[in-house]
Amino acid sequence: MIKSKLISVRTQKGFSQEKVADLIGMGQSSYCRREKGLVSIMDHEWTKIAKALGVDKESIYEQESNQSHNVILENMQKYVARLEQENQSLKKESEIA
């Protein structure tokens, strides 16, 4: 679930994703995945983001939906499958050598 409240406040304050990510000690791509809802924002991260933006956590907080968790789980399963395929490929290569 896209974090529209967070995005709205961030843009109103004139902050880029990169700036917020830097202020909270995170890479821009990791922060972007959180805004897009691809990765859950942990409670301590909400607190850091709110502090960086100079707002109350309640003004940006949006609860995770089950749909978000399903998307995350699906992405993780695809990633594991890809790693397993890569592992098998590497095993075959090492047997040939």
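We use all heavy atoms of the structure for the numbers below, so side chains are in, but hydrogens, waters and symmetry mates are not. All values reported here derive from a predicted model rather than from experimental measurement. Numbering of residues begins at 1 and proceeds along the displayed sequence.
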(request) Please collect all ring-ring contact (aromatic ring centres under 6.0 Å, His included) contacts where either partner lies in residues 25-59, sequence neighbours excluded, each pair once. (result) Trp46-Tyr61
(request) Report whether Ile24 and Val39 are members of the same hydrophobic cluster (ILVMFWY, side-chain heavy atoms less than 4.5 Å apart, transitive linking). (result)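 No; tracing contacts between hydrophobic side chains, which count when under 4.5 Å, never links both residues.
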Using 0.5 Å steps for rounding, measure from the [atom1] atom of [X] to the [atom2] atom of [Y].
X: Ser40; Y: Met1; atom1: OG; atom2: CE; result: 10.5 Å
X: Gln12; Y: Leu53; atom1: CD; atom2: CG; result: 10.5 Å
X: Lys48; Y: Glu45; atom1: NZ; atom2: CD; result: 7.0 Å
X: Ser89; Y: Glu84; atom1: OG; atom2: CD; result: 13.5 Å

(request) Step through the shown structure and confirm whether more than 12 heavy atoms of other residues, nucleotides or ligands are within 6.0 Å of CD on Glu18. (result)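 No, because the 6.0 Å sphere around CD of Glu18 holds 12 heavy atoms or fewer from other groups.
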(message) More than 12 heavy atoms of other residues, nucleotides or ligands under 6.0 Å from NZ of Lys57: yes or no?
(response) yes
What are the two closest non-hydrogen atoms of [X] and [Y], and how far apart are they?
X: Lys13; Y: Gly54; result: NZ-O, 4.0 Å
X: Ser30; Y: Met26; result: CB-CG, 3.6 Å
X: Gln17; Y: Glu35; result: NE2-OE1, 2.9 Å
X: Lys5; Y: Ile60; result: CB-O, 3.9 Å
X: Val9; Y: Ser59; result: CG2-O, 4.2 Å

(request) I would like to know whether Lys78 and Glu74 meet salt bridge (Lys or Arg N to Asp or Glu O under 4.0 Å); could you show each step before the answer? (result) CA-CA 6 Å; Lys78 287 178 185 177; Glu74 184 177 310; 3.4 Å; yes
(request) Give a yes or no on whether the backbone of Ser4 and the side-chain of Glu62 come within a donor-acceptor separation of less than 3.5 Å. (result)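 Side chain of Glu62 to backbone of Ser4: a pair is present.
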(message) If we ignore hydrogens and angles and just use 3.5 Å, is the side chain of Arg33 paired with the main-chain N or O of Leu38 as donor and acceptor?
(response) no
(request) Show your working on side chain to side chain contact (heavy atoms under 4.5 Å, CB included) between Arg34 and Leu6 and close with a plain yes or no. (result) CA-CA 10 Å; Arg34 283 163 174 76; Leu6 172 56; over 6 Å; no
(request) Taking the side chain as every heavy atom from C-beta outward, state whether Ile96 and Glu93 have any atom pair closer than 4.5 Å. (result) no
